[in-house]
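Quick note on labels: first sequence line is chain A, next is B, and so on, each numbered from 1.
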There are 2 protein chains.
Amino acid sequence: MSAPRQRVTLRDVAARAGVSVAQASFALNGRGRVASATVERVRRAAAELDYQVDTRARQLRTGQRAAYGVVIRNMRNPYFLDVLRGMEVRAHRQGAFLLILSSDYDVERESAALRRLSAEGVAGLAIAPIGRRGPFRDWLPGRPHLPVVAFNCTPDPEGPFGERVSTVGPDDGAAISLALEHLRARGHRDATLVMAPEGLAADWGREEEFHRRCAEWGLSATVVRCPLDHADVARMAAERMRAASGHEAFVVNSDHLGTAVYEAARALDLRVGRDVSVVAHDDLPTSALLDPGLTTLRLDRELLGDHVMRLLSEPGAPEAVRLPVHLIDRGSVATLSRPS
Amino acid sequence: MSAPRQRVTLRDVAARAGVSVAQASFALNGRGRVASATVERVRRAAAELDYQVDTRARQLRTGQRAAYGVVIRNMRNPYFLDVLRGMEVRAHRQGAFLLILSSDYDVERESAALRRLSAEGVAGLAIAPIGRRGPFRDWLPGRPHLPVVAFNCTPDPEGPFGERVSTVGPDDGAAISLALEHLRARGHRDATLVMAPEGLAADWGREEEFHRRCAEWGLSATVVRCPLDHADVARMAAERMRAASGHEAFVVNSDHLGTAVYEAARALDLRVGRDVSVVAHDDLPTSALLDPGLTTLRLDRELLGDHVMRLLSEPGAPEAVRLPVHLIDRGSVATLSRPS
DNA sequence: ACGTTCTGATGAAACGATTAACCATCCGTT
DNA sequence: AACGGATGGTTAATCGTTTCATCAGAACGT
């Protein structure tokens, strides 16, 4: 009765239903011409044996796969989590699922992840690429038929993505404008943009827009590339604050970096929102809990994920989707009565 | 030269190296007897063609798969993320990777996830089960050979897991003891344990230990099951505080629930750490940012993930691993001068 | 010169599903 | 009686790898 059978195969089901393997396959997938009585019998047999298709065999034959690969930069960043969730919801609706790997800001691992996912035969690939010309770029031409979507990166016509891949990300231009407008309305005359290390994140568009806007609005602009490590960022921010002649206003590229500014301020006995100002990107869950709350640029991250999946599952001409961003004012920007 | 070939297969490599498919396979996997010159030729051919094994075909033949399935409860909980990271690090070391699905606290989805992962032919399955007898239980006997590890749940000898599956989780007994000891040392005479909704999380062990310890130390004990939704928890906590005759001390089963207590307190104009006391579980990143910081029970979550992977990849007799927990005092517990 | 071992290589059978190409009835028409 | 068309079913090829069984020579000892 209960021999230690290794695995229930379609052959077993067919045998039990007294029918050929082909007919069993047709019956279960509702594809060929098969008598309704037979369908019933096969279904019952499958249920009784607790049969599960071996998706690998199926894929091998059909070449199709209901799985998408995702390469994110970091497993611990709630930002990516929400994106993943957005992707997952849509994937789930179409019966697919996600193969998630993280590059951990390491080009070696990013490259390995890409190889791996392609070997797994995913139906499409989403990636939050590292830097400007990581392995991503070299790797693309080798898989001419694989739909690829890059997210959280600036579309760069002459950059890594070329004609083939769609991009989805925040509307960086609008975001920077919002931030600067917010500062300007409160009497600020200069701003410092704090960016992730060169070549790690993919936020090249923001710098450009920052300079453009500052010029347009007559703000004095500074751009700083900073280390990724939290403590180092805090140190650097403290450095700048100490050296600053007047009021220092930071526009930082993530909430993570934003909290570092808080730490720096605390170390110097300065109060954020009075002595120092910060506008951040991302709106992580922690940001509302800070004191004062972190004024930040928010983007619907699940929506972003949804767009990524959409582009992956309905391939067409590549798009460059820029999602709207809005500013959440929590008071981390000071109001200056007179120019600093 | 560059015909739109669909995919580079081992046959192509073999052809280019002027050798049979078998020999090519042996050469690449270093398995059979093959001349070193041939190995070199095949390797070069593979590199030139940018060949990638089709893991599905390989798996179909070998029956083995370098992927493990994970079913977590929620994609957005940083707790699980750290666990995943722990798993991923070990998996990565052995060249395997993770198939992650989330049940979203829905038994239907948990069940679907299990089916799916087993159809994918994973080499093992880790699950943070929902409730006491979810689909998990019914599903187990059908796959007698699949290694399964449950995490973040109390091992329950007569419960869902039986003899087959290992469990990994916090040492709930020790955790509750720590919390109560902390309260007692500060003059508290009663405690309220706030638990997740019946049948959702898997923390049955804590309640038991809570009663035992309270009895032993002469504390008056109350246990509350609460809704999962944040706002509802806050409402309930406020209710209790208002009705309370003396000082209210909560031991809550997650930091998530803990912050709800903060909100309730704020709504009633009470100060946590003075008028109300809280000890939580998990130590999420947000907890240190609250004011006052949330006193919480911390567990090395990556270590937990590491253990899960270990048990999955080196199957043996089932173990019930309980990881040490320590208390992080951030001041959310008041010191009472005299008994309340 | 002849059997024996050893080396390097090959052919073909799996793995478990899908599916194109046939085949056998049976029913109704001409 | 012969034929055309449904209808329900079967056979066998195929997907890309791995691996078992086999084989042609070379090397070697007697």
Chain A footprint on DNA chain D, 5' to 3' - any atom under 4.0 Å from a heavy atom: D:dT7 to D:dG16

Nucleotide C:dT19, atom P - distance to CG of A:L10 in whole Å: 13 Å

Quiz: residues 26-49 of chain A side-chain donor-acceptor pairs under 3.5 angstrom, not counting sequence neighbours:
| unit_1 | atom_1 | unit_2 | atom_2 | d |
| --- | --- | --- | --- | --- |
| A:R41 | NH1 | A:A17 | O | 2.6 |
| A:E48 | OE1 | A:R16 | NH1 | 2.1 |

All side chain to side chain contact (heavy atoms under 4.5 Å, CB included) counterparts of B:Q64, not counting sequence neighbours: B:T62

Phosphate OP1/OP2 of C:dA17 contacted by A:T9 side-chain N/O (<4.0 Å): yes

Shortest non-hydrogen contact between A:V70 and A:L117, atoms and distance: N-CD1, 4.0 Å

Residue whose closest nucleotide on DNA chain C lies nearer the 5' end, B:G18 versus B:T62: B:G18

Nearest-Å distance for atom pair CD/P, residues B:Q64 and C:dA14: 20 Å

Contact summary for B:R116 and A:G95, nearest pair of heavy atoms: NH1-O, 2.6 Å

Value rounded to 0.5 Å, distance of CG in B:D82 from CG in B:L303: 12.0 Å

Nearest-angstrom distance from the residue atom CZ of A:R65 to P of C:dA17: 15 Å

Gap between atoms CZ and P, on B:R61 and C:dG16 respectively (whole Å): 10 Å

Which atom of A:F151 lies closest to which atom of A:R73, heavy atoms considered: O-NH2, 4.4 Å

Rounded interatomic separation in angstrom, taking CZ from A:R56 and P from C:dA17: 10 Å

A:Q59 CD - C:dT18 C1' separation (whole Å): 13 Å

Bend angle of the helix from C:dA1-D:dT30 to C:dT30-D:dA1, from helix axes over five pairs at each end, nearest 10°: 70°

Heavy-atom closest contact (A:A119 atom, B:R7 atom, distance): O-NH2, 4.3 Å

Within residues 22-40 of chain A: residues closer than 4.0 Å to DNA chain C (heavy atoms): A:A22, A:S25, A:F26, A:N29, A:R31

Nearest heavy atoms of B:L323 and B:V168, plus distance in Å: CD1-CG1, 4.2 Å

Heavy-atom closest pair, residues B:I100 and A:M75: CD1-CE, 4.0 Å

Residue list, side-chain hydrogen bond (donor to acceptor under 3.5 Å, both in side chains) with B:D104, at least two apart or on another chain: A:R85, B:R109

Side-chain donor or acceptor of A:R164 paired with backbone N/O of A:L146 under 3.5 Å: yes

